[in-house]
Amino acid sequence: MAMQLPSQRGKGRRAPMADINVTPLVDVMLVLLIIFMVTAPLLTAGVPIDLPESRAKPLEQDQEPVQISIDDTGAVFIDREAVPQAALAAKLDAIAAKVGDNGKPPQIYLRGDQTLGYGKVMQVMGELNRAGLNRVSLVTTSQTGGE
């Protein structure tokens with residue numbers, strides 16, 4: 001970015017600048033970067049649940065599992081959608097009817113709030129068993145703090 005000095009022949013005439021000012025572009029890109037950095041962690045959160053801790057290793061899966069969450073009030077959610085207690089059996093039957101490529105029903109991730117009573121979790125697990133969904137994994141947080 002050298003400064004162009006007027007030539008001796010063309011006194012008073014300036015040559016047009018051919019440089020592009022990238023400062024506004026950099027400003028916009030930095031703002032977008034900050035926006036994505038702030039919103040990315042919010043996109044992964046589903047139903048807010050205080051999960052218990054465990055030292056178990058995470059499972060490795062090929063297909064996307066169905067997540068069933070029970071919050072601290074006992075409300076049941078299937079993939080972030082609230083399900084009334086009366087409609088739970090019908091929803092689980094519909095999930096059990098979806099057989100994967102391996103001929104098995106889908107994997108279920110059961111997330112229960114830490115403060116929730118044992119009876120409510122067992123009630124949902126009983127409904128899962130009745131529907132034929134026996135591939136159930138209980139989700140916990142690791143003791144290092146990640147899920």
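The two residues A96 and L133 make their nearest non-hydrogen contact at CA-CD2, 3.7 Å. P106 approaches R135 most closely through the heavy-atom pair C-NH1, 4.2 Å.
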_I70 and L110: CA distance, side-chain angles, deciding distance, side chain to side chain contact (heavy atoms under 4.5 Å, CB included) verdict_ = CA-CA 8 Å; I70 310 169; L110 182 59; 4.1 Å; yes
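Listed by chain and number, the residues in a side chain to side chain contact (heavy atoms under 4.5 Å, CB included) with A87 are V83, P84 (sequence neighbours excluded). A search for side-chain hydrogen bond (donor to acceptor under 3.5 Å, both in side chains) contacts involving N21 returns T23, not counting sequence neighbours. For D79, the side chain to side chain contact (heavy atoms under 4.5 Å, CB included) partners are V66, Q67, not counting sequence neighbours. In terms of the side chain to side chain contact (heavy atoms under 4.5 Å, CB included) criterion, residue partners of A75 (sequence neighbours excluded) are, by chain and number, D71, T73, F77.
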Pairs of donor and acceptor atoms involving the side chains of residues 118-127, under 3.5 Å and at least two apart or interchain, shall be tabulated with distances.
| unit_1 | atom_1 | unit_2 | atom_2 | d |
| --- | --- | --- | --- | --- |
| K120 | NZ | Q85 | OE1 | 2.9 |
| E127 | OE1 | R130 | NE | 3.2 |

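With values rounded to the nearest 0.5 angstrom, D72 atom CG is found 5.0 Å from T115 atom OG1. If you take CD1 on I95 and CD1 on I78, they are separated by 4.0 Å, rounding to the nearest 0.5 Å.
Surrounding CD1 of I20 are at most 12 heavy atoms belonging to other residues, nucleotides or ligands under 6.0 Å away.
Applying side-chain contact (heavy atoms from CB on, under 4.5 Å) to M29 and the options L25, V31, L33 leaves one that passes, L25.
V136 places none of its side-chain heavy atoms less than 4.5 Å from the side chain of I68.
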